[in-house]
Protein chains: 2
Amino acid sequence: MPQPTKTVTAGAAPALRRAIEVLDLLGSVHEPMAAADIARELGIPKSSAHGLIATMMEYELVIRGVDGRIRLGPRLMRWAGGFLGQTNLVSEFEHYFAGATELDDYTITLTVLEGREVVYIACHNSGQPLGLTFRIGMRLPAPYTATGKAQLSTISAGELERLFAEPKDWPAPLTHLGVGSLEQLSAELDAVRRNGYSIDAGQVREGMVCLGAPIKDHSGRALAGIAVSMIRSEATGPLLEALGERIRCAADTLTHRLGN
Amino acid sequence: MPQPTKTVTAGAAPALRRAIEVLDLLGSVHEPMAAADIARELGIPKSSAHGLIATMMEYELVIRGVDGRIRLGPRLMRWAGGFLGQTNLVSEFEHYFAGATELDDYTITLTVLEGREVVYIACHNSGQPLGLTFRIGMRLPAPYTATGKAQLSTISAGELERLFAEPKDWPAPLTHLGVGSLEQLSAELDAVRRNGYSIDAGQVREGMVCLGAPIKDHSGRALAGIAVSMIRSEATGPLLEALGERIRCAADTLTHRLGN
DNA sequence: TGGCTCGGTTCAGTATATTGAACTAAGTTC
DNA sequence: GAACTTAGTTCAATATACTGAACCGAGCCA
């Protein structure tokens with residue numbers, strides 16, 4: 001009975017799978033696409049794409065612009081609102097940092113891990129210019145961000161390997177400091193586990209330093225990550241260590257408040 | 001050939017339709033559900049729900065909590081980010097109101113119309129307590145909100161009737177001031193078209209007054225709505241009129257900046 | 001403890017969703 | 001302005017996804 005091929009069981013709800021692919025595609029290119037382009041890009045028959053997109057339009061998952069091209073629709077915002085409302089992560093985050101006045105001058109962010117990327121679900125941008133304003137819904141490559149490394153430090157070596165073994169799995173570096181190998185990443189994650197907090201020193205943006213820590217579920221796996229960001233010139237040794245402790249402590253408190 | 005029943009063509013991509021229903025359901029109840037509950041609630045066979053949910057979990061559209069119950073997953077945030085990034089509505093909004101310092105003390109919101117509701121896609125909450133903090137992803141019934149009325153004022157009478165003809169179509173009022181009939185609403189929308197801005201005086205929250213205006217596309221149909229909110233005691237006649245003009249002017253400018 | 005309820009999972013048969021091919025229409029090029 | 005390319009749409013035939021029924025297993029109550 002050899003059938004060990006881990007084929008992705010492509011035999012259930014194909015319409016749904018394809019719809020997901022369409023939405024991912026539209027989300028990754030940053031402009032609308034013609035229906036025929038979508039079909040070509042995904043390698044599905046034109047007629048199938050046609051029917052699928054018609055149904056998706058009916059529900060406003062996608063909308064057709066004035067030029068006839070397809071773009072993401074507002075229904076997606078409704079679901080995102082449901083996700084944010086269902087998890088109390090965001091409200092706990094808001095509440096906690098509303099009370100942490102000594103961090104008021106820093107930019108604080110909350111993300112969830114999504115594949116090889118982190119997605120920002122809450123942001124407190126301080127007045128201080130970092131060369132980057134975090135926004136809800138924004139995505140960045142996990143291995144370069146502080147929140148991403150914090151979350152990756154809680155998954156198993158096997159899972160990590162599955163995510164980042166191949167060079168093609170690696171997102172393009174954002175600065176010349178981007179890590180590039182599984183060994184390097186996994187050594188760094190060891191350090192994260194030892195210290196209790198993660199560091200991104202200029203891997204996302206030149207001149208920006210971020211410290212992150214994971215919020216964990218009952219099993220110890222990361223549910224989300226938080227980070228504090230500052231400009232490089234401010235990131236002196238003692239302050240860095242103090243803030244690292246601070247963010248680790250914040251993550252632990254939030255982990256606890258969420259019942260874990 | 002009598003087959004005039006506008007049956008919702010339930011013969012295309014049923015898996016997708018059902019997945020949408022599942023996500024809507026999970027988004028509307030504010031807690032996780034057991035798979036069997038979902039099947040019962042939607043009136044679909046248990047086995048179908050099982051297969052569907054398995055596929056949805058594979059893509060992290062939904063996730064299974066520690067108690068085995070199903071909740072919305074983080075993938076939805078990614079799509080929302082795509083939607084927000086694709087439209088420059090949000091960035092134009094941010095940019096415009098960042099420069100409008102005379103409105104700094106007011107709460108300003110941006111919504112899109114989604115069926116009978118508006119969804120908040122950007123919010124500037126002022127310090128002033130309104131008894132309600134607007135949050136991204138939040139939904140409110142369109143006919144009670146200023147942004148909703150502003151957007152409804154741009155659709156045809158026929159469409160309006162299709163949305164709100166039946167009493168059962170009306171969302172539950174949020175305060176004792178909620179409108180309740182199509183006639184009343186449509187008279188109010190006439191006034192909105194005359195004045196150029198819409199008013200919600202205590203229909204969303206007792207003691208809160210909001211003024212809204214529509215951002216339009218090339219055809220004159222609303223693309224989004226913006227509103228300014230204040231507490232009732234502040235909403236004196238002259239100020240109200242000035243702010244109404246201001247928000248209408250802001251909406252027109254944004255309409256123009258978006259190329260319409 | 002033993003029976004019962006209810007959630008989750010599996011599987012073969014059939015109702016039906018997908019698709020290849022054919023067609024229209026609109027833009028583009030020479 | 002005519003030929004060509006390409007997007008959008010339609011439809012019957014068939015490959016296949018959904019379903020009903022049956023099977024586990026855990027929790028609950030008497």
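Numbers restart at 1 for each chain; the letters A, B, ... are given by sequence-line order, proteins then strands.
Comparing atom distances between the His50(B) side chain and each of dG8(D), dG8(C), dT18(C) picks out dG8(C) as nearest. Taking the side chain of Ala36(A) as heavy atoms from C-beta on, and the options dC18(D), dG8(D), dG20(C), the nearest nucleotide is dG8(D). When distances run from any side-chain atom of Arg40(B) to the nucleotides dG7(C), dT18(C), dT10(D), the shortest one goes to dG7(C). The side chain of Arg64(A) lies closest to dG8(D) when the candidates are dA17(D), dC18(D), dG8(D). When the nucleotides dG8(D), dT18(C), dG8(C) are ranked by their closest atom to the side chain of Ala34(A), dG8(D) comes out on top. Relative to the side chain of Ser47(A), the nucleotides dA17(C), dG20(C), dA21(D) differ in distance, and dG20(C) lies closest. Distance from the side chain of Lys46(B) is smallest for dG8(C) among the nucleotides dT18(C), dC18(D), dG8(C).
Put simply, CD1 on Ile44(B) is 13 Å from P on dG8(C), counting in whole angstrom units. For Leu52(B) and dA17(D), the CG to P distance is 14 Å, given to the nearest whole Å. Rounded to whole angstrom, the span from the CZ atom of Arg17(B) across to the P atom of dT16(C) amounts to 14 Å. Atom C1' of nucleotide dT9(D) and atom CD1 of Ile70(A) are separated by 14 Å, given to the nearest angstrom. In this structure, the CG atom of Leu16(A) is 15 Å from the P atom of dA17(C), given to the nearest Å. Rounded to whole Å, the distance from CE on Met33(B) to P on dC6(C) is 16 Å. Taking atom CG of Leu42(A) as the reference point, atom P of dT18(C) lies 15 Å away to the nearest angstrom. Note: CD1 (Ile53(B)) to C1' (dG7(C)) measures 12 Å, nearest angstrom.
If you take OH on Tyr144(B) and CG on Leu185(B), they are separated by 9.5 Å, rounding to the nearest 0.5 Å. Here the CG-OG distance, from Leu52(A) to Ser47(A), works out to 11.0 Å after rounding to the nearest 0.5 Å. Distance check, rounded to the nearest 0.5 Å: CG of Asp24(A) to CZ of Arg78(B) gives 5.5 Å.
The shortest distance between side-chain heavy atoms of Val118(A) and Arg139(A) does not fall below 4.5 Å.
In this structure, a donor-acceptor pair under 3.5 Å is present between the side chains of Thr111(A) and Gln151(A).
Counting non-hydrogen atoms under 4.0 angstrom, Arg69(A) reaches nothing in the nucleic acid.
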